[in-house]
Amino acid sequence: MTIYEVGPRDGLQNESAVVPVEVKREFIGRLAEAGLTTIEATSFVHPKWVPQLADAGELLESLPRVPGVRYPVLVPNERGLDRALEQGVTDIAIFGSATESFAQRNLNRTVESQFEMFAPVVERALAHGMRVRAYVSMCFADPWEGPVAPEQVARVGRRLLDLGCYELSLGDTIGVGTPRHVEALLDAFAEAGVGPDRLAVHFHDTYGQALANTLTAIKRGITVVDSSAGGIGGCPYAKSATGNLATEDLVWMLDGLGVETGVDVRSLAATSLWLAEILGRPSPSRVVQALAKEI
Ligand code: HMG
Ligand code: MG
């Protein structure tokens, strides 16, 4: 099982008070120490759109890399790719939307024109030997459009993969999905010729369903799960989005299932407690709260 840690990116992008670059560097270092091997570090998006991550270049320039750990970054367009290339980035992720409303708000594009923005990014990234992941957002429902049909998500997702991405992460951006809907979504992808070996899941925990949804996906053969340390996070362009599935909650469940992750849940929880102190509010993760008593 691979845990794709998104705390430094999805977790921090929604924080209104700017977190110092030293804190980000230490956070990422501690995540690697706890055993995480894929850590999404930041985004090369427009600094005005996500001011919290405006320091992406500075962060990567000074980030000690641990051998065997990947540090992917979000890249929406060629300008973002240029900035990532300057920092010697080897792993990027593009991020598309299944709905028009979110494509407009998050990317200033239509669903159709997002592909025109991404295509040269993926082509050039692959030519540089990069690994390119894709996200598709609003896979379950959209705050402006309501429920989203699984077939619509599969159509958009398939096209993102076909650009040349190795994996597609299915985002429940606003955290409203439930297990039966997860099954319907995976069925729609199977119909579109995309099996669980090409898919990851990315649940936000707004309605407390993230862990149940994740278990449902795992039972259907998914082996890559996105989560954020301490359950921090949200998307600044979808106000109803709260934090991601907490990595500690995921690791606790996987430990119980006897599924190997290589992550030390106590070390991770200690990091989330440290960060919660800096952010000035408690971690929403139940596992972090429970372990706080013994750490
Ligand atoms: P735009 O305004 O359409 O950009 O924004 P543009 O292409 O028209 O360019 C306008 C100016 O911005 C130009 O400068 C560009 O150079 C500059 P000028 O020539 O006017 O001086 N520019 C940039 N500067 C630095 N870095 C860049 C960049 N791009 C353009 N990369 C854009 C389009 C995509 C850039 C904008 O909409 C954007 O940055 N969006 C990012 C929003 C975002 O980061 N959202 C959160 C991440 S998604 C998410 O959280 C969901 C996820 O977790 C999954 C889930 O939960 O579902 C992944
Ligand atoms: Mg997200």
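Sequential numbering from 1 along the given sequence is applied to the chain's residues. As the structure lists them, so they are numbered: ligands from 1, and atoms in each ligand from 1.
Pairing each heavy atom of Ser62 with each of Arg25, the nearest pair is OG-NH1, 2.5 Å. Considering all non-hydrogen atoms of both residues, Asp205 and Thr242 come closest at C-OG1, 3.9 Å. In plain terms, the two heavy atoms of Gly177 and Gln209 that are nearest each other are O-CB, 3.3 Å. Nearest approach of Glu145 to Asp142, heavy atoms of both residues: N-OD1, 2.9 Å. Leu168 approaches Gly157 most closely through the heavy-atom pair CD2-CA, 3.5 Å. What you find for Cys165 and Val122 is that their closest heavy atoms are SG-CG2, 4.3 Å.
Side chain of His46 to backbone of Lys48: a donor-acceptor contact under 3.5 angstrom is found.
Between Phe27 and Trp274, the ring planes are tilted. Angles from 30° to 60° get that label. Note: Phe118 and Phe95 have tilted aromatic rings, judged against thresholds of 30 and 60 degrees for the angle between ring planes.
Protein heavy atoms come within 4.0 Å of atom 52 (C) of ligand 1. Remark: atom 49 (C) of ligand 1 lies closer than 4.0 Å to at least one protein heavy atom. Not a single protein heavy atom sits closer than 4.0 Å to atom 15 (C) of ligand 1. For atom 18 (P) of ligand 1, no protein heavy-atom neighbour is present inside the 4.0 Å cut-off. Distance screen at 4.0 Å: atom 9 (O) of ligand 1 has no protein heavy-atom neighbour inside the cut-off. Distance check for atom 57 (O) of ligand 1: a protein heavy atom is found below 4.0 Å. The protein reaches atom 37 (O) of ligand 1 closely, with a heavy atom under 4.0 angstrom from it. Within a 4.0 Å radius of atom 2 (O) of ligand 1, the protein has at least one heavy atom.
Judged purely by distance below 3.5 Å, without hydrogens or angles, the side chains of Glu5 and Thr247 pair a donor atom with an acceptor atom. Using modelled atom types, one finds a donor on one side chain and an acceptor on the other under 3.5 Å when comparing Glu248 with Ser272.
Near His204, meaning under 4.0 Å from any of its heavy atoms, are these atoms of ligand 1: 56 (O). Taking every heavy atom of Arg9 and a limit of under 4.0 angstrom, the matching atoms of ligand 1 come to 47 (C), 49 (C), 50 (O), 52 (C), 53 (O), 58 (C). Residue contact check: Gly171 has heavy atoms under 4.0 Å from atoms 57 (O) of ligand 1. Atoms of ligand 1 found under 4.0 Å from any heavy atom of Tyr135, numbered from 1 in the order shown, are 54 (C), 58 (C). Close contacts between ligand 1 and Gly80 involve ligand atoms 31 (N) [criterion: under 4.0 Å to a heavy atom]. The Val50 neighbourhood of ligand 1 comprises atoms 43 (C), 44 (O), with distances under 4.0 Å to a heavy atom of that residue. Of all the atoms in ligand 1, the ones that sit under 4.0 Å from a non-hydrogen atom of Leu74 are 47 (C).
Not a single N or O atom of Pro76, backbone or side chain, sits closer than 3.5 Å to an N or O atom of ligand 1.
Using a non-hydrogen distance threshold of 4.0 Å, Pro47 registers as a contact of ligand 1. Residue contacts with ligand 1 include Arg109, since one of its heavy atoms falls under 4.0 Å from the ligand.
Considering Asn108, Leu107, Val121, Val136 only, the shortest heavy-atom separation from atom 32 (C) of ligand 1 involves Leu107.
Grouping the Ile, Leu, Val, Met, Phe, Trp and Tyr side chains by contacts below 4.5 angstrom, directly or via other members, places Ile278 with Val288.
If you check which protein heavy atom lies closest to atom 42 (C) of ligand 1, you get Asn106 O, 3.2 Å. Shortest contact from atom 25 (C) of ligand 1 to any protein heavy atom: Arg83 NH1, 3.4 Å. Protein heavy atom closest to atom 22 (N) of ligand 1, with residue, atom name and distance, is His46 CD2, 3.4 Å. From the protein, the heavy atom lying nearest to atom 23 (C) of ligand 1 is Arg79 CG, 3.5 Å. Closest to atom 46 (C) of ligand 1, if we only count protein heavy atoms, is Gln13 OE1, 3.5 Å.
For Gln52, no heavy-atom contact with ligand 1 is shorter than 4.0 Å. Contacts between Asn77 and ligand 1 below 4.0 angstrom, taking non-hydrogen atoms only, involve the side chain exclusively. Heavy atoms of Asp10 found under 4.0 angstrom from ligand 1 belong exclusively to the side chain. When heavy-atom distances to ligand 1 are checked against a 4.0 Å cut-off, Thr173 comes that close through both its backbone and its side chain. Contacts with ligand 1 closer than 4.0 Å are made by heavy atoms of both the backbone and the side chain of Ser137.
Look at Arg155 and Glu151 and you find no salt bridge, because none of the NZ, NE, NH1 or NH2 atoms lies under 4.0 Å from a carboxylate O. Taking the charged nitrogens against the carboxylate oxygens, Arg70 and Glu40 have no contact shorter than 4.0 Å, which rules out a salt bridge. The existence of a salt bridge linking Asp82 and Arg124 is confirmed by a sub-4.0 Å separation between a basic side-chain nitrogen and an acidic carboxylate oxygen. Ionic pairing of Arg159 and Glu112 is present here: one or more N-O contacts between side-chain nitrogen and carboxylate oxygen are shorter than 4.0 angstrom.
With His204 as reference, Asp10 is the one residue of Asp10, Asp172, Thr173 to meet the side chain to side chain donor-acceptor pair (under 3.5 Å) rule. A side-chain contact (heavy atoms from CB on, under 4.5 Å) with Leu36 holds for exactly one of Thr271, Ile3, Thr261; it is Ile3.
Nearest to the Mg ion (ligand 2), among the N, O or S atoms that His202 has, is NE2.
For residue Asp10, an N/O/S atom approaches the Mg ion (ligand 2) to within less than 2.8 Å.
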